Amino acid sequence: YATGDDDVEYAADRTSLWGSKQRLSGTGGNLAGKIKEGFGRVTGDDQLADEGAADQLVGAVKDTAGKAAQAAGQAIHDLNR
């Protein structure tokens with residue numbers, strides 16, 4: 001049954017907002033990691049290239065967590081209707 005509860009709507013909105021922030025952070029980290037990895041490879045700095053690859057991994061994980069949170073927020077919102 002749809003409750004229309006404002007507290008549930010607030011929780012859904014907060015979850016979705018957190019997901020958006022994580023996706024933005026993940027995308028930025030992924031991009032910075034690609035740049036760092038590329039620069040490391042061009043200059044022959046293997047440590048910098050490895051750090052860039054690790055940054056990309058962290059960015060991908062944050063993006064995935066953000067997608068999941070956005071989906072959960074939408075599901076909560078839909079169930080509350």
Side-chain angles (χ1 to χ4, degrees):
Y1 295 97
T3 63
D5 189 340
D6 289 339
D7 290 338
V8 173
E9 286 297 315
Y10 177 75
D13 289 343
R14 296 290 296 167
T15 302
S16 185
L17 178 63
W18 182 84
S20 295
K21 288 179 181 179
Q22 289 303 303
R23 292 200 64 200
L24 183 61
S25 175
T27 300
N30 194 6
L31 179 60
K34 285 181 181 184
I35 292 169
K36 190 186 284 188
E37 181 182 16
F39 188 73
R41 296 222 185 276
V42 167
T43 61
D45 187 344
D46 291 335
Q47 182 178 355
L48 186 62
D50 290 345
E51 287 176 15
D55 289 349
Q56 290 177 62
L57 178 61
V58 170
V61 169
K62 284 185 176 184
D63 185 49
T64 301
K67 286 178 184 177
Q70 285 179 321
Q74 186 62 44
I76 293 168
H77 176 73
D78 290 346
L79 290 172
N80 191 44
R81 289 185 181 203

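Nothing here was measured: the structure is a model prediction, and the numbers come from that model. Sequential numbering from 1 along the given sequence is applied to the chain's residues.
A distance-only check finds no donor-acceptor pair linking the side chain of Ser25 to the backbone of Lys21 [under 3.5 Å].
With sequence neighbours left out, Asp55 forms a salt bridge (charged side-chain N to carboxylate O under 4.0 Å, His left out) with Lys36.
Across all non-hydrogen atoms, the minimal contact from Thr15 to Gly73 is CG2-N, 3.9 Å. What you find for Gly66 and Gln22 is that their closest heavy atoms are CA-CB, 3.8 Å. Looking at every heavy atom in both residues, Glu37 comes nearest to Ala49 through CG-O, 3.5 Å. Residues Gly19 and Ala69 come closest through the heavy atom pair CA-CB, 3.7 Å. The two atoms that bring Ser20 and Gln70 nearest to each other are OG-NE2, 2.8 Å, heavy atoms only.
Neither side chain, Ser16 nor Gln74, offers a donor N or O lying under 3.5 Å from an acceptor on the other.
Annotation: the span from His77 atom NE2 to Asp13 atom CG amounts to 7.5 Å, rounded to 0.5 Å. Between atom OH of residue Tyr10 and atom CG of residue Leu17 there is a gap of 9.5 Å, rounded to the nearest 0.5 Å.
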